[in-house]
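Notes follow once the structure below has been shown.
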There are 2 protein chains.
Amino acid sequence: MRRMTARPANVDQARLLRLLRDLGPQSRVALGGQVELSRSKLAVEIERLLETGLVVQDGLAASRGGRRSHNVRIAPSLRFLGVDIGATSVDAAVTNAELEVLGHLSEPLDVREGPVAVFERVLALAAKLCEEGLAEHFDGAGIGVPGPVRFPEGVPVAPPIMPGWDGFPIREVLSQELGCPVLVDNDVNLMALGEQQAGVARSVRDFLCVKVGTGIGCGIVVAGDVHRGVTGSAGDIGHIQVDLDGSPCACGNTGCLEAHFGGNALVRDATALAEAGRSAELAGRLEAMGRLTPEDVSAAAGAGDAASLELIRLGGTRTGQVIAGLVSFFNPGMVVIGGGLTGLGHTLLASIRTQVYRQSLPLATGNLPIVLGELGQVAGVVGATRLISDHIFSPS
Amino acid sequence: MRRMTARPANVDQARLLRLLRDLGPQSRVALGGQVELSRSKLAVEIERLLETGLVVQDGLAASRGGRRSHNVRIAPSLRFLGVDIGATSVDAAVTNAELEVLGHLSEPLDVREGPVAVFERVLALAAKLCEEGLAEHFDGAGIGVPGPVRFPEGVPVAPPIMPGWDGFPIREVLSQELGCPVLVDNDVNLMALGEQQAGVARSVRDFLCVKVGTGIGCGIVVAGDVHRGVTGSAGDIGHIQVDLDGSPCACGNTGCLEAHFGGNALVRDATALAEAGRSAELAGRLEAMGRLTPEDVSAAAGAGDAASLELIRLGGTRTGQVIAGLVSFFNPGMVVIGGGLTGLGHTLLASIRTQVYRQSLPLATGNLPIVLGELGQVAGVVGATRLISDHIFSPS
DNA sequence: TGTACTTTCATCTCGCAATGGACAAAGTCG
DNA sequence: CGACTTTGTCCATTGCGAGATGAAAGTACA
């Protein structure tokens, strides 16, 4: 029977833990400069954190012209598990308390196999990470799923691409299995948190994080916090209408963004191009595999295939239309583009940028960076560990 | 030389003041039930508030089966001024500290006359309210203007419909003139605050407040706070594209919402209808006045004119398209529709509702109330006093 | 109707914890 | 080696919370 990880006793301790997490080992005085606490109070709280084992002494810091200070660091034995379940793959990573990725595994996986099968695989990945000597247990785990989640309960609600998951008590089940606190969130929100923690959005308090993959979603960060909406479906921009009389969408409407530039739409359009003989590259791939995937388009574009590039450019324009509206509405300080877009990122980014800068008002786009995410595949898992560590490092 | 209004010394006092503002006179025990303070601390803080004069004793409360309690109320002599400058009118109101409107004046006014002329009129209105015996001075004033504002400085930035206002230091100038703290914000944000303070959105923490008038804007409330965006232009939804090849807009793009359903677009379309002989009602009004105004369309619709009603319905559908996208994105708990829409409110509301419920995802619209604002013309001024009172009732 | 009992509110007091300043310890630099 | 800087610890003062006490009102019942 393993003891539960200690928790900070008050907001000051929580604040100190987060500082140590984000800034690394620090002297007491350096910490004092970051928080509004008297030196005595600071010493008392650190003393208590040392007692609980949440932080440890960590040698002497370099002198700054006086007595050398004892560094203090967050307990290096803490381990967080981050899991990012996508539509077609699953990522798992272990981090230490400073959210540095110690190990990362990735597997293809069809989320439609249902929660039981998926979590068997997830637990196997977690066990594998432990076997590699990276962790003995986990002090907390964050789980991302590709659909809306009722966050407080950690339960998916009406997820369109996850049949069999509706209402499955992910948080409860995994918390039981892993023996540690678990939080569940939408994968896009976690990507946003990841980029905020360790990526391009480190110093931005209001930003949007658009993930282009099988679906298209958007993480919303307001005043440093993720906005999830009243039913957990905020950021679901795939079904915003981009064309009054556009293609029919699985959701029942017409002209949705995803009906023009989701994974399925891309495959549909690419197949049509291949069959119409408009792209030798795509036709070859279609013949070889019998069917095309988004990765084929991506690869073809990377190889310079004009038709594929055009598809991506058009998709970027459509996405840019939606983002332009969101930028006018939300006036963010940054827009981060991410998702499974290996290689085609810059093409996509360029057409999104063009469209947003053309269509949004100058006041909102004045110095609005629209950039690719820095973390790529690990954004989700890093965000997941950020989520759970924020929870663990908050007063119990 | 008048003494500045006292300010609370700490967050607890601020919290108590806001409770007394929103819930009215309370006994000490009733207050204790609302905040997490020990009886002793509560007594001490109230004692101090009594000393500063921010609250006063207010007789005995009805007994609840024991010794009767002494009620305490927020200083009834406090006065806040709320000013709502619209494109074509200005509203001013005085409230007490509980934000009850004691007097309200409204005048037509063209904002294009520039800040100096406008503030002359505003100060005259304020003086008139004082002459009516409603106030001797003001303890704070909130000002709403129809354009983006850099909130911390209280300065309009690049306001499209306010020539001559760009960079005018409203806050500084008015603070000087009125001799009290002043805050300046976008009129739509103030409308949202007003509906949150005293209207339909009292118990909602995340909602959108769409104002349809000369322009079309949207107040965004996240977690109880107004989101203004990084440059103060959040909620500027008038230039979101609703039609890929739509009408040209003053902003340089085509198909903007305002190009189809702003005040100017409405006049343009109504005039066309009148001249084409499609509406006798509108033609009559055009002949009588030489030109049409949005109010003419409103009145004609109220009189049952089919062409005018159709214009409003179409505009509602267009607005609904945009709101549907915002609902998917933001997943609010309520959408409030307001603005200068006397009479035509329900027609507009109905077509907006139809469009949003049709186009947004069920999870986001599940139990999403889309309602008309309750406060009508006073929403802005009430929101303005709420804004400044939140400021006054915060630790200095 | 009068008296005893109960309920509620306000204040007082005391112990504990927090705070901020003083002081001692440990270094660096000239 | 001494002046100066930085860091760690101690302690008196202050602030806070919870129980005890007394005052003021309602309630039950003879």
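Just so we're clear, the structure is a prediction, and the values are computed from it rather than from any experiment. Within every chain, numbering begins at 1; the chains are lettered A, B, ... in the order of the sequence lines, protein sequences first and strands thereafter.
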Integer-rounded Å distance: [N] [atom2] and [X] [atom1]:
{"X": "B:R68", "N": "C:dA10", "atom1": "CZ", "atom2": "P", "answer": "12 Å"}
{"X": "B:Q26", "N": "C:dC9", "atom1": "CD", "atom2": "P", "answer": "12 Å"}
{"X": "B:N71", "N": "C:dT8", "atom1": "CG", "atom2": "C1'", "answer": "14 Å"}
{"X": "A:R39", "N": "C:dA18", "atom1": "CZ", "atom2": "P", "answer": "19 Å"}
{"X": "A:L37", "N": "C:dA18", "atom1": "CG", "atom2": "P", "answer": "12 Å"}
{"X": "B:N10", "N": "C:dT19", "atom1": "CG", "atom2": "C1'", "answer": "16 Å"}
{"X": "B:I46", "N": "C:dA10", "atom1": "CD1", "atom2": "P", "answer": "9 Å"}
{"X": "B:L42", "N": "C:dC9", "atom1": "CG", "atom2": "C1'", "answer": "12 Å"}

**Prompt:** Can you tell me if B:R48 uses its side chain to pair, donor with acceptor, with the backbone of B:A43 under 3.5 Å?
**Reply:**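 No; judged by distance alone, with no hydrogens or angles, the pair does not exist.
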Side chain of [X] (C-beta onward), nearest among [options]:
{"X": "B:S40", "options": "D:dT7, D:dA18, C:dT11", "answer": "D:dA18"}
{"X": "A:H70", "options": "C:dA10, D:dG8, D:dG17", "answer": "D:dG8"}
{"X": "B:R28", "options": "C:dA10, D:dA25, D:dT9", "answer": "C:dA10"}

To the nearest 0.5 angstrom, please state how far the [atom1] atom of [X] sits from the [atom2] atom of [Y].
{"X": "B:D139", "Y": "B:L178", "atom1": "CG", "atom2": "CG", "value": "11.5 Å"}
{"X": "A:L54", "Y": "A:L78", "atom1": "CG", "atom2": "CG", "value": "6.5 Å"}
{"X": "A:L99", "Y": "A:I388", "atom1": "CG", "atom2": "CD1", "value": "11.5 Å"}

**Prompt:** If only side-chain N and O atoms of B:K41 are considered, is one of them under 4.0 Å from the OP1 or OP2 phosphate oxygen of D:dG17?
**Reply:**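 It does not, given that no N or O in the side chain of B:K41 lies less than 4.0 Å from OP1 or OP2 of D:dG17.
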**Message:** Does C:dA18 have its OP1 or OP2 closer than 4.0 Å to a side-chain nitrogen or oxygen of A:R48?
**Reply:**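 True: A:R48 side-chain N/O within range (under 4.0 Å) of C:dA18 OP1/OP2.
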